[in-house]
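The structure under discussion appears below in the form of structure tokens.
Just so we're on the same page: letters track the sequence lines, and every chain starts at 1. As the structure is a computational prediction, the values presented were derived from the model and not from experiment.
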Amino acid sequence: MKDIKARTQQLLKEKIVEAITKAIHEGAIPTDRVPDFYLEVPQDSTHGDFAANVAMLMARQARMAPRKIGEIIAANMDISATPVEKVEVAGPGFINFYLKPTWANGVILDILRKGRDFGRQEFGKGIRVQVEFVSANPTGPMHMGNARGAALGDALASILKMSGYDVTKEFYINDAGNQIENFGLSLEARYLELLGREGHIPEGGYHGEDIKEHMKALIEEEGDRFLNMDSQSRRAYFIKYALEKNIQRMKQDLANFGVEFDVWFSEQSLHDAGKVTDVINLLKQKGCTYEKDGALWFRASDYGAGKDEVLIRANGLPTYFASDIAYHKDKFDRGFDRVIDIWGADHHGHVARVKGALKALGYDPEKLTVILMQLVRLYRNGEIARMSKRTGRAVTLADIVEEVGRDAARFFFNMRSADTHLDFDLDLAIKTSDENPVYYVQYAHARICSILRQASEQGVTLPDIGADSWGSMEKYAYMLTEKNEIELIKKLADFPGEIRLSAENLSPYRITNYCMELASIFHSFYNSCRVLTEDRDLTAARLMLVQAVQQVLKNAFGILGISAPERM
RNA sequence: GCGCCUAUAGCUCAGGGGAUAGAGCACCGGCCUCCGGAGCCGGGUUUUGCGGGGGUUCGAAUCCCUCUAGGCGCACCA
């Protein structure tokens with residue numbers, strides 16, 4: 001069932017269409033069709049609860065002044081079975097609807113009844129979506145970009161789940177290719193050095209301490225037995241050893257960040273199953289490859305990309321691009337109706353060619369959406385910070401969780417749209433004051449918990465919200481008529497719509513903003529309306545309201561992956 | 001040179017073709033004998049705060065073209 005706001009909107013739209021149809025039939029408006037129009041909440045509340053732009057859209061075809069059309073529509077409207085109190089035509093021709101102030105109050109009961117399911121949508125039902133994110137290089141720790149991706153991807157997946165989609169969260173492990181070769185060579189070099197031999201880290205290799213630590217641990221466990229082994233075999237062993245630990249570590253760091261994946265998908269497994277070779281052969285068969293300079297190329301420029309791309313290098317090894325085609329083909333072969341990838345903006349050049357390859361293979365590239373995230377800049381003491389306070393190395397995902405905490409990190413990463421650079425103020429994130437938005441929203445929740453504790457201590461009992469007592473419950477909801485109460489209730493009624501918009505636009509930051517707005521309205525309400533009063537019925541009504549606020553905050557926090565503290 | 005992203009208040013950013021373009025922070029001034037002051041209320045902060053210029057539209061911060069500025073790409077790396 002739709003939520004109160006969407007139901008009301010739909011009802012009013014139907015009434016408008018009825019009115020227009022009637023007017024056309026009577027010859028009052030010289031046109032023959034009703035255009036697509038919207039019915040929205042105006043920015044300025046003095047313009048009513050909903051406004052329709054239909055009269056302006058009809059003006060041209062009907063050769064009539066929009067205001068006049070609006071008047072005719074308004075006059076023909078049957079509002080008897082609606083919560084409409086007053087209809088006005090204003091401005092350039094908007095039809096403004098003023099509803100009974102308590103029109104949305106029923107939402108309180110709706111929230112209390114649905115609980116954690118309030119906000120859930122049906123429109124994604126039966127659609128399988130894969131969200132692939134983080135997919136960090138397993139050769140080292142996860143960086144800031146991975147952290148943003150983790151927060152964004154996880155919240156997005158939650159939003160899509162709330163919207164009814166069947167969602168799978170996937171992490172693609174780049175455990176094949178050149179960087180793994182370099183990883184192995186770097187490990188080998190450190191191993192040799194640690195045992196007093198000469199080691200040499202190749203160009204493009206890994207110089208980090210973690211490489212050394214892996215080999216130290218290995219030497220402790222297995223000693224120098226690899227010194228006599230041939231280089232290729234021992235490197236294969238080192239790679240397997242260190243990758244396993246790195247992946248385990250990533251899982252742990254992500255778990256500490258509150259992010260769990262359904263599938264960890266290995267790039268190497270595609271090679272092992274022959275899927276990379278298969279997809280290359282398929283492209284060959286379709287005639288969209290050619291050989292040049294000893295390499296095999298894909299005619300990406302025929303499929304919308306800027307230039308052609310190499311599939312197999314002159315040394316006979318497939319490129320990352322080739323395995324990525326196989327990977328994306330595999331995603332669709334697994335039956336996903338829609339695939340969403342979250343990549344760093346520095347990979348944007350890759351988008352057109354992967355889509356081009358999918359097109360060449362006969363898949364619909366529109367089913368793949370790539371969200372490109374812009375860079376994260378960390379600030380500490382008002383200056384750009386590159387290094388971790390603790391380690392002195394580049395700030396990792398684990399560092400940020402340690403420094404500012406999971407809640408602040410996840411909230412901050414989801415405060416901005418993906419396509420804007422994100423400035424992350426480390427000082428602000430740990431401030432326990434009103435400047436810090438994450439404390440502000442969590443405080444609203446804690447404050448409600450405190451009220452509810454007080455109520456319980458005072459022995460105030462709430463009416464039973466059981467379904468059978470529905471009729472008697474309603475009176476409480478409609479007792480709330482103060483300005484702050486009405487505003488708060490309307491905000492609660494917005495929540496399902498916010499979920500829908502966030503899903504449609506793939507924009508978790510909307511939920512973050514919603515939290516701040518809801519918290520703000522709640523704090524205002526708190527300061528102007530006492531919840532626990534001598535009036536038993538009013539107390540009950542307000543207790544239900546704050547419980548509803550608590551529930552919606554909880555649901556929103558759940559999406560963002562932040563905790564809902566009962567005390568702070 | 002080509003491609004992607006960005007340009008809105010002092011700062012960081014919202015804004016689904018609509019009415020007088022908003023929020024947070026900063027700054028200034030107020031508010032607890034009362035459910036948590038980690039809160040609330042008020043003030044836009046010297047004429048028009050949507051980078052400049054064209055265009056489409058009844059209507060443009062929003063769509064199109066173009067210019068400028070910044071970020072990021074343009075490997076037989078991933």
Heavy atoms under 4.0 Å is the rule here; annotate nucleotides 14-19 of chain B 5' to 3' with B where the base is hit, S where only the sugar-phosphate is, and - elsewhere.
-> SSB-BB
In 5'-to-3' order, the base (B), backbone-only (S) or no-contact (-) status of each nucleotide in nucleotides 24-31 of chain B, using a 4.0 angstrom heavy-atom cut-off, is -SS-----
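Of the P atoms belonging to B:rA38 and B:rG53, the separation is 48 Å, rounded to the nearest Å.
Every residue two or more places apart in sequence or in another chain that forms a side-chain hydrogen bond (donor to acceptor under 3.5 Å, both in side chains) with A:E517 is listed here: A:K491. For A:A62, the side-chain contact (heavy atoms from CB on, under 4.5 Å) partners two or more places apart in sequence, or in a different chain, are A:I29, A:P30, A:T31, A:M64, A:I69. By the salt bridge (Lys or Arg N to Asp or Glu O under 4.0 Å) test, A:E498 pairs with A:R510, sequence neighbours left out. The side-chain hydrogen bond (donor to acceptor under 3.5 Å, both in side chains) test applied to A:N246 returns A:H214, not counting sequence neighbours. By the salt bridge (Lys or Arg N to Asp or Glu O under 4.0 Å) test, A:E181 is found to be paired with A:R235, residues two or more places apart in sequence or in another chain being considered.
Consecutive Watson-Crick or G-U pairs involving RNA chain B, each under 3.5 Å on both distances, make up stems of three or more pairs at B:1-7 with B:68-74, B:10-13 with B:22-25, B:27-31 with B:39-43, B:51-55 with B:63-67.
Within the structure, ring pair (Phe, Tyr, Trp, His ring centres under 6.0 Å) contacts touching residues 532-551 of chain A (residues at least two apart or in different chains) do not occur. Counting only residues at least two apart or on different chains, the ring pair (Phe, Tyr, Trp, His ring centres under 6.0 Å) pairs with a member in residues 35-65 of chain A are A:F50-A:W103. Each ring pair (Phe, Tyr, Trp, His ring centres under 6.0 Å) pair with one or both residues in residues 411-431 of chain A, not counting sequence neighbours, appears once here: A:F412-A:F424, A:F413-A:F424.
Considering only side-chain N and O atoms, A:S524 lies under 4.0 angstrom from the phosphate OP1 or OP2 of B:rC41.
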Under 3.5 Å, N/O pairs linking protein and nucleotides 70-72 of chain B:
none

